[in-house]
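One structure is given here, and the rest of the page talks about it.
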Amino acid sequence: MRVSRISMPPLAAVALSTLVLLAGVAGCEKGPAGAAAKPPVEVTVVTIAPRDVPLAFDFVAQTQSSREVEIRARVEGFLEKRVYTEGELVQANQPLFLMDRKPFEATLKSAQGQLAQQKAALKVAEETLKRVRPLAEQNALSQKDLDDAVGNVDRSRAAVFAAEGQVQTAELNLGYATILSPLRGLTSFARVQEGAFLSAANNFLTTVSQIDPIWVNFSISENEALRRREQQEKGLLRMPKEDSLEVEAILADGTVFPHKGRISFADPSFSKETGTFLVRAELANPKGVLRPGQFVKVRVKGAVRPGGIVVPQRAVQQGAKSNFVWVVAKDDKAEQRAIEVGSWIGDDWFVNQGLREGERVVVDGALRTSQGAALKVSPYVAGKEKAAAPPASEAKPPAGDAKPAAKK
């Protein structure tokens, strides 16, 4: 008997093959029960421990001489010699310029001669009065003769006083011919050269600037002052007693000036042009490292953030509505927590609201974390770059309250 082969349409054969293949794939996907779960995310955490955090505020400043004097000639005459080296440090009462002394010496001699002449006239008048007085008492001379003798003595005494004044003036002028530095400081260049005639219109010779101590001036804006006041009222900032703030200067190469100072003056009024008020600090400068007009950065220390909560900046992320961090729950699961951040110091944020003492905040691995994810926790250790940064230097948030993006 002959068996006939059943033929199948091509489309049906393709469909059948597809069903068989899908069935095989499905069987492979089922796998054994209890397949391995997703491994926990490895993270580092920092434990919240509120503490009093020392703060420092940085400002751009400029140095100024604590006493700058214009050296001017007090008398007219010819400038004979400059006896200092321009730009060098001079001591108090050190000669700077010498004027031609001869005219002043001649004037002094003339005044001394006039004084001697008047003293001689006074002596004659006094001797005359001694002779006239007893004769007038015996009525041998008239009262008018006595009065004339007394008047001559008085006039002679007045002439002596005037002559003494002329001598003193001549002595002063002679002394002014040697022009001295009134203080210890740095000299500027000579404005007038040797041989020039010095007069009232041409008497400015040079300047001497005291550099020890030296002043450091910086300005605080109105917004900054109001922000500090608001922080104090909220208990986020505590200033030292009597505002005894310490000031240190940081040079252009980043080195810290070894001598610290104190604020010596604060302008009570805001500038109408800039909206800032001037603050001045005074620093010892025995070696003259700081020079007038030099730009430096000043760091004002002494303020404290009481009970401050600080977290590393890269632990803070920015969400649609607020900043947030990942907090480790009791079962080592991730929990998202909205927070309110303040300013930052170094590589850390101040957290004003949202965290409590003892809570653990994810630092490294925060970008791989999701709500409810299992976490493998290890302590966070600050890097070397954090240790090198000044921990007490407070920075202001960028304009518009923008926050730095979380670091990966």
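Because only heavy atoms are used, hydrogens play no part in the values below, and waters and symmetry mates are left out as well, while side chains stay in. What you are looking at is a predicted structure, and each value in this text was computed from that prediction instead of being measured.
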Donor-acceptor contacts under 3.5 Å from residues 355-365 side chains, at least two apart:
residue, atom, partner, partner atom, Å
Arg356, NH2, Glu359, OE2, 3.0
Glu359, OE1, Arg337, NH1, 3.1
Glu359, OE1, Arg356, N, 2.9
Glu359, OE2, Arg337, NH1, 3.1
Glu359, OE2, Arg337, NH2, 3.0
Arg360, NH2, Asp332, OD1, 3.1
Asp364, OD1, Arg314, NE, 2.8
Asp364, OD1, Arg314, NH2, 3.3
Asp364, OD2, Thr44, OG1, 2.9

Quick one: list whatever passes ring-ring contact (aromatic ring centres under 6.0 Å, His included) with [X], sequence neighbours left out.
X	value
Phe78	Phe197
Phe218	Phe59
Phe277	Phe270
Tyr176	none

### Query
Which residues pass the salt bridge (Lys or Arg N to Asp or Glu O under 4.0 Å) test with Arg74, sequence neighbours left out?
none

### Those residues that, when tested against Glu171, pass salt bridge (Lys or Arg N to Asp or Glu O under 4.0 Å) (two or more places apart)
none

### Task
Among residues two or more places apart or on two chains, list those pairs meeting salt bridge (charged side-chain N to carboxylate O under 4.0 Å, His left out) that have a residue in residues 88-108.
Asp100-Lys102, Arg101-Glu105

### Where at least one partner belongs to residues 179-205, residue pairs that pass salt bridge (charged side-chain N to carboxylate O under 4.0 Å, His left out), sequence neighbours excluded
none

### Message
My understanding is that only residues two or more places apart in sequence, or in another chain, count here; which of them pass side-chain hydrogen bond (donor to acceptor under 3.5 Å, both in side chains) with Trp326?
### Response
none

### Task
Applying side-chain hydrogen bond (donor to acceptor under 3.5 Å, both in side chains), name anything that partners Glu137, two or more places apart in sequence or on another chain.
none

### Query
Ala303: what forms a side chain to side chain contact (heavy atoms under 4.5 Å, CB included) with it, not counting sequence neighbours?
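Ala303 satisfies side chain to side chain contact (heavy atoms under 4.5 Å, CB included) with Leu55, Phe57, Leu237, Met239 only.
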
